[in-house]
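See below for the structure under consideration.
Remember, it's 1-based here, ligands and their atoms both numbered in the order they're listed. We number each residue from 1, following the sequence as shown.
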Amino acid sequence: MVELARIARNDFVIVGRAGMDFYPDPPGTKTEEAEKFVASLGGSSANIGVAIARHGGRAALVISVSDDAIGRFCLNELAKYGVDSRHVRSVGGEARNSLAVVESRVENHQSVIYRNGAADFQMTTEDVAAVDFEAYGALITTGTVFAAEPSRGAAFHAFDLARKAGLPLIFDIDYRPYSWPSPEIASDVYSRAGRLCDIVIGNDDEFGFMAGGKDKGLAKARDLARSTASIVVYKMGEHGAITITPDEEFRTGIYPVTALKPTGAGDAFMGGFVASLAHGHELRDCVLRGSASAAIVVSRVGCAPAMPTTAELEAFLADHPGPTDS
Ligand SMILES: Nc1ncnc2c1ncn2[C@@H]1O[C@H](COP(=O)(O)OP(=O)(O)O)[C@@H](O)[C@H]1O
Ligand SMILES: O=C(O)C[C@@H](O)[C@H](O)C(=O)COP(=O)(O)O
């Protein structure tokens, strides 16, 4: 385990992906009936980068995007949000950027994600070797990066280099079943990656996949906190979260809101959580501020554009009657 204090630098390097999201417009429209779509930046790692930037932190993405109009859209959007793209490589050939069509509705919600020949899987060990990890306060990885080569090897190489540079490793399990060759490989690779990390965050389904069965997910989370991780957050959507450290375990509730859609919650949670750690809040407050950030995002259209600033988060916390009992 490394010192988590370095997170206070509030300067994060994020290994993962950026994509384009399409939202059927107006909110509530079903995709199959849509005539108009609003486009915004997506991809869970990019969403986390935006969340951190909105909270006043610095975020740099280590990713590859397609060398075409969609990849350039992602680069333009990253610049607009103040997310550093100096480590982004554009890849040519047949690789295509991740594209998500995400409905702004809760009932019968549909998200369709196109990841055929995904450009982000083209990230190489050379790409990560070019990063000066010493310059950052912590590394964040979203787990889909481990689903295929060469990005799997590249992400493990980034772990090695970041660890040598003394960075805490923060892992969002981010399980996208369709990106993996099989659930067994996902479970093996996730377990290997999870054991290397200091902070592991995922929802109940994701820990279940890591453990090889939903009923074993919480035990897996506890096992990580007992053996290798300093903080594990086991999220349960509308049922809140269980936070586990080597010394304690506590439950937290959610901030009820009128949700417009279920997506983006995990990315907002991660951004709000790490930003709060960087600002020196107590662990329980970090979890609650992550949860409140997620509540704000599910009540707005989009994921990246919905991420709250710290001022918006403070205003939300001041107005809201408080989290549900856990
Ligand atoms: N409908 C909701 N209303 C308020 N908060 C929510 C809602 N859904 C999720 N959250 C918050 O977001 C956090 C992360 O949600 P979760 O669904 O577990 O993430 P993921 O996007 O990774 O599936 C939860 O722990 C909770 O605090
Ligand atoms: O991460 C993706 O590839 C999908 C995103 O582009 C999209 O913004 C989204 O739906 C994020 O929400 P999540 O699925 O709850 O992470």
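- Counting the atoms of ligand 2 from 1 in the order shown, those under 4.0 Å from a heavy atom of Asn47 are 8 (O), 11 (C).
- Distances from ligand 2 to the non-hydrogen atoms of Met20 include no value under 4.0 Å.
- Between the side chains of Lys220 and Ser191, at least one donor-acceptor pair of N or O atoms lies under 3.5 Å.
- The single protein non-hydrogen atom nearest to atom 5 (C) of ligand 2 is Gly43 N, 3.4 Å, given as residue, atom name and distance.
- Ring-plane geometry between Phe146 and Phe156 is classed as tilted, the angle between the planes lying from 30 to 60 degrees on a 0 to 90 degree scale.
- Heavy atoms of Asp21 found under 4.0 angstrom from ligand 2 belong exclusively to the side chain.
- Between Asp174 and ligand 2, not a single N/O pair is under 3.5 Å apart.
- Aromatic ring orientation, Phe37 versus Phe22: tilted (interplanar angle from 30° to 60°).
- In this pair, Tyr190 and Phe171 present their aromatic rings tilted. The plane angle is within the 30 to 60° band.
- With atom 16 (O) of ligand 2 as the reference point, the heavy atom nearest to it among Lys261, Met270, Arg176, Arg115 is part of Arg176.
- Between the Arg89 side chain and the Gln122 main chain, a donor and an acceptor come within less than 3.5 Å of each other.
- Contact analysis puts Gly264 in contact with ligand 2, with a non-hydrogen atom separation below 4.0 angstrom.
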